[in-house]
Every structure is written in structure tokens, then in C-alpha cells.
Amino acid sequence: MNVWIAIGVTVLGCYAVKLAGLLVPAGALERPVVKRLAALLPVALLAALTAQQTFADGQTLVLDARAAGLGAAAVALLLRAPFLIVVAAAVVVTAGVRALGA
């Protein structure tokens, strides 16, 4: 039964957040600071998620094949490679480092 309580609380919380967003006055959303924040927030969240998924394992920091794959993706991005090439480079390097046993 505890799972259903957690689901219900989550549903109510999501609805409250959506309702709060709809109640914000339009004038507040047109401010330059809010527009800049709205443009930068997804990038910051994606960077944080990438860092957490790459360098964390539970409660510890790790440096393994995922970091090498991220580095390969960064190099491919610097070389302005297409998205699929960036992903392929990260996959190949990560798999290669894991296959070598590092």
C-alpha cells in the first residue's frame, strides 16, 4: 500500500507544479532574466545528468570507461562531427576500453 501512497503524492505534486506554472503572470515570463534562465536551465540540467551518470557509481566517484567515451564524444563535438558520429565515437571508445579491461 505504501507504493500507492507514493504514487498518489507524486501525482499531486506534479499537478501542483503544473498548476503553479500556469498561474504565473505572463508579464513575469517576458522578463529578460527569466528568458535567459529558461534558455540555460536545460543545458545545465543535461550537463549535470551527464556528469552524474559518467562519474558516479552509487555514493562513490569513479573514473572508468564511461569517462573515456565522454572524452571521445567531446573531441568529436569539437571537430563538429554529426550527432550520430559523436554517439558512435563514444560507444566505440567505451566498448574498446571495457574490452581492454580498464
Side-chain angles (χ1 to χ4, degrees):
M1 191 64 176
N2 288 336
V3 172
W4 288 108
I5 293 172
I7 291 172
V9 169
T10 303
V11 166
L12 290 175
C14 289
Y15 184 76
V17 167
K18 184 160 183 92
L19 183 62
L22 292 173
L23 295 176
V24 174
L29 298 175
E30 296 299 323
R31 294 181 181 158
V33 173
V34 174
K35 284 186 176 183
R36 273 184 282 156
L37 181 65
L40 295 176
L41 194 60
V43 175
L45 289 172
L46 185 59
L49 177 65
T50 302
Q52 192 273 334
Q53 289 293 314
T54 302
F55 300 112
D57 186 23
Q59 295 289 326
T60 60
L61 289 174
V62 294
L63 192 61
D64 60 3
R66 295 176 291 181
L70 182 63
V75 169
L77 282 173
L78 288 174
L79 296 173
R80 299 192 183 268
F83 180 72
L84 289 176
I85 302 299
V86 172
V87 173
V91 168
V92 168
V93 169
T94 302
V97 171
R98 283 192 178 172
L100 293 174

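The structure displayed is predicted, hence computed values, not measured ones.
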>> Return the OG1 to CG distance between T50 and L45, rounded to the nearest 0.5 Å.
In response: 10.5 Å
>> Please report the interatomic distance CD1(I7) to CG(L12), rounded to the nearest 0.5 Å.
In response: 12.0 Å
> Quick one: do L63 and L70 end up in the same hydrophobic cluster if we chain Ile, Leu, Val, Met, Phe, Trp and Tyr together by side-chain heavy atoms under 4.5 Å apart?
Replying inline: yes
> In terms of hydrophobic clusters joined by side-chain contacts under 4.5 Å, are V24 and L41 together?
Replying inline: no
>> Distance check, rounded to the nearest 0.5 Å: L61 atom CG versus T54 atom OG1?
In response: 11.5 Å
>> On a heavy-atom basis, which atom in A89 and which in A76 lie closest, and how many Å separate them?
In response: CB-CB, 4.5 Å
> Which residue pairs pass the salt bridge (charged side-chain N to carboxylate O under 4.0 Å, His left out) test with at least one member in residues 28-41, sequence neighbours excluded?
Replying inline: E30-K35
> If Ile, Leu, Val, Met, Phe, Trp and Tyr residues are connected whenever their side-chain heavy atoms lie under 4.5 Å apart, and connections chain through other members, are F83 and V92 in the same group?
Replying inline: no
> Would I5 and N2 satisfy side-chain contact (heavy atoms from CB on, under 4.5 Å), going step by step from the backbone distance to the final call?
Replying inline: CA-CA 5 Å; I5 293 172; N2 288 336; 4.2 Å; yes
> For the hydrophobic clusters of this structure (ILVMFWY residues joined by side-chain heavy atoms under 4.5 Å, transitively), does one cluster hold both V33 and L29?
Replying inline: no
>> Tell me the closest heavy-atom pair linking V93 and A68, and the distance in Å.
In response: CG1-O, 3.6 Å
> How far apart are the closest heavy atoms of V62 and D57, and which atoms are they?
Replying inline: CG1-CB, 3.9 Å
> Which atom names give the shortest non-hydrogen contact between R66 and R98, and what distance separates them?
Replying inline: CG-NH2, 3.6 Å
